[in-house]
Amino acid sequence: MTSIGTGYDLSASTYSPDGRIFQIEYAAKAVENSGTAIGLRVKDGVVFAVEKLVNSKLLVPSSNRRIQTIDRHIGLATSGLLADGRHIGNRAREEAENYRDTYRAPTPVKALADRIGLYVQAYTLYSSVRPFGISAIFGGIDNEGPQLYVVEPSGIFYGYHGAAVGKGRQLAKTELEKLDLPSLTTQEAVFEAARIIHLVHDDSKDKEFELELSWVGKETGGLHLPVPHDLWVEADKRGREALDEDMVD
């Protein structure tokens with residue numbers, strides 16, 4: 001049964017006869033049209049990588065970043081509408097601050113993902129608002145070790161060892177499944193993340209992109225930080241070389 005064009009997609013509070021909420025599906029489509037973002041949960045931390053598509057050569061490099069710091073020990077990578085990602089980042093920082101004020105302790109990553117999931121889900125209940133057009137990858141280190149969660153436009157969230165969202169998510173997930181993530185170090189994961197982002201980028205269809213990399217783990221003293229420039233350069237170089245080797249094969 002199809003309900004496209006019959007009016008059931010005009011509001012997030014309306015179900016179609018076959019039980020679908022089209023506004024949420026459209027929000028997921030906005031994520032699919034955006035650059036790929038991945039997260040790797042490894043033995044000593046979490047690594048984020050984002051394929052930030054550059055829409056104009058006039059843009060200042062490193063502006064409009066898609067990786068954000070939420071708390072000292074938690075990072076966020078988003079794929080989808082940039083403004084929605086910033087809003088969710090701001091909301092996540094408020095939730096993390098509220099948790100610290102209430103419990104006098106750093107926010108567990110799962111607790112933060114749960115709160116943001118409830119917030120996102122509230123935007124699927126009323127006709128006066130629209131769902132958020134992003135998928136958000138939260139990662140960090142807490143008392144239970146490295147943690148990685150993805151919050152979808154519907155508000156549901158899952159925990160992952162490796163996660164990918166955006167237009168290249170299927171190929172990225174295939175590559176992530178080939179890795180022995182629990183045995184990798186964060187430094188090794190940086191190189192793998194850069195390789196995967198270069199692999200999923202489609203030069204024939206997509207514009208130029210900037211590779212964003214960040215990590216949190218033992219290498220950073222438990223803080224979420226951008227990957228050092230020299231390591232970023234080396235990871236970017238290896239990613240391009242691996243792509244060239246694949247094309248030759």
Side-chain angles (χ1 to χ4, degrees), residues 27-28 30-42 45-53 64-71 73-82 84-93 95-96 107-121 131-142 145-177 179 181 184 186 189-190 192-194 196-197 200 209-217 220 224-227:
V31 177
E32 293 176 10
N33 291 334
S34 180
T36 307
I38 63 175
L40 290 75
R41 171 185 166 187
V42 295
V46 174
V47 172
F48 297 99
V50 170
E51 171 203 18
K52 189 184 76 176
L53 300 177
N64 298 324
R65 294 182 62 83
R66 288 188 173 271
I67 296 179
Q68 308 174 56
T69 296
I70 302 305
D71 202 342
H73 63 297
I74 299 176
L76 164 67
T78 61
S79 181
L81 303 180
L82 182 59
D84 285 12
R86 286 177 175 172
H87 179 82
I88 290 298
N90 289 334
R91 177 70 184 197
R93 278 185 279 272
E95 293 287 357
T107 314
V109 183
K110 184 177 181 180
L112 181 63
D114 183 35
R115 291 187 178 196
I116 296 301
L118 291 171
Y119 180 74
V120 170
Q121 194 262 344
F132 289 102
I134 65 158
S135 287
I137 304 176
F138 289 93
I141 290 186
D142 55 28
Q147 301 291 320
L148 187 70
Y149 291 89
V150 176
V151 179
E152 301 289 355
S154 63
I156 195 169
F157 72 96
Y158 295 102
Y160 289 91
H161 288 287
V165 295
K167 64 171 57 179
R169 71 190 187 287
Q170 292 295 347
L171 179 55
K173 286 179 179 179
T174 299
E175 292 298 315
L176 288 170
E177 289 171 357
L179 302 176
L181 293 172
L184 291 179
T186 48
V190 166
E192 292 293 347
I196 291 173
I197 291 296
V200 302
F209 78 99
E210 288 183 17
L211 173 64
E212 291 187 28
L213 291 169
S214 72
W215 59 353
V216 53
T220 65
H224 176 250
L225 298 170
V227 169

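All figures in this text were calculated on a predicted structure; none of them were measured in a lab.
Side chains of I74 and L112 form a contact here, defined as non-hydrogen atoms less than 4.5 Å apart. Residues I196 and L179 form a side-chain contact, since some pair of their non-hydrogen atoms from C-beta on lies under 4.5 Å apart. The shortest side-chain heavy-atom distance between V46 and L40 does not fall under the 4.5 Å cut-off. Between Y158 and V150 the shortest side-chain heavy-atom distance does not fall below 4.5 Å. Contact of the I88 side chain with the I116 side chain is registered, since non-hydrogen atoms from C-beta on lie closer than 4.5 Å. With a 4.5 Å cut-off on side-chain heavy atoms, I137 and Y149 do not count as touching. A heavy-atom distance below 4.5 Å is found between the side chains of P153 and V31. Using a 4.5 Å cut-off on side-chain heavy atoms (C-beta onward), L148 and F138 make no contact.
Atom-to-atom distance recorded for R93:CZ and N90:CG is 5.0 Å, nearest 0.5 angstrom. The CG atom of L53 lies 11.5 Å from the CG atom of L82; values are rounded to the nearest 0.5 Å. A distance of 10.0 Å separates CD1 in I134 from CD in E152, rounded to the nearest 0.5 Å. For the atom pair H224 NE2 and I70 CD1, the distance stands at 8.5 Å (nearest 0.5 Å). Note: F157 CZ to Q121 CD = 12.0 Å, rounded to the nearest 0.5 Å.
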Evaluation steps, side-chain contact (heavy atoms from CB on, under 4.5 Å), between F132 and L81: CA-CA 8 Å; F132 289 102; L81 303 180; over 6 Å; no
Steps toward salt bridge (Lys or Arg N to Asp or Glu O under 4.0 Å) verdict (E32, R169): CA-CA 8 Å; E32 293 176 10; R169 71 190 187 287; 3.6 Å; yes
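Scanning all heavy atoms of the two residues, the minimum distance from L211 to A194 falls at CD2-CB, 3.8 Å. Nearest approach of A189 to V47, heavy atoms of both residues: CB-CG2, 3.7 Å. Minimum heavy-atom separation, V50 to A37: CG2-CB, 3.8 Å. For P131 against D84, the heavy-atom pair with the smallest separation is O-OD2, 4.5 Å. Nearest heavy-atom pair across L213 and R65 is O-NH2, 4.5 Å. Nearest heavy-atom pair, L76 versus F48, reported as atom, atom and distance to 0.1 Å: N-CZ, 4.2 Å.
In the model, R86 has no side-chain atom that pairs as donor or acceptor with a side-chain atom of Q68 under 3.5 Å.
Side chain of T36 to main chain of G168: a donor-acceptor pair is present (N/O by atom type, distance under 3.5 Å, no hydrogens or angles). When atom types are taken as modelled, the side chain of S79 and the backbone of G35 share a donor-acceptor pair closer than 3.5 angstrom. Between the R66 side chain and the E51 main chain, no donor and acceptor come within less than 3.5 Å of each other. Proximity of a side-chain donor or acceptor of R41 to a complementary backbone N or O of Q147 within less than 3.5 Å is not detected. Side-chain N or O atoms of E212 include one that pairs as donor or acceptor with a backbone N or O of I67 at under 3.5 Å. For S34 (side chain) and A30 (main-chain N/O), no donor-acceptor pair under 3.5 Å exists by modelled atom type.
Listed by first then second residue, pairs satisfying side-chain hydrogen bond (donor to acceptor under 3.5 Å, both in side chains) with a partner in residues 110-119 read H87-Y119, E95-R115, N98-R115, Y119-Y123, not counting sequence neighbours.
With sequence neighbours excluded, no residue forms a salt bridge (charged side-chain N to carboxylate O under 4.0 Å, His left out) with D142.
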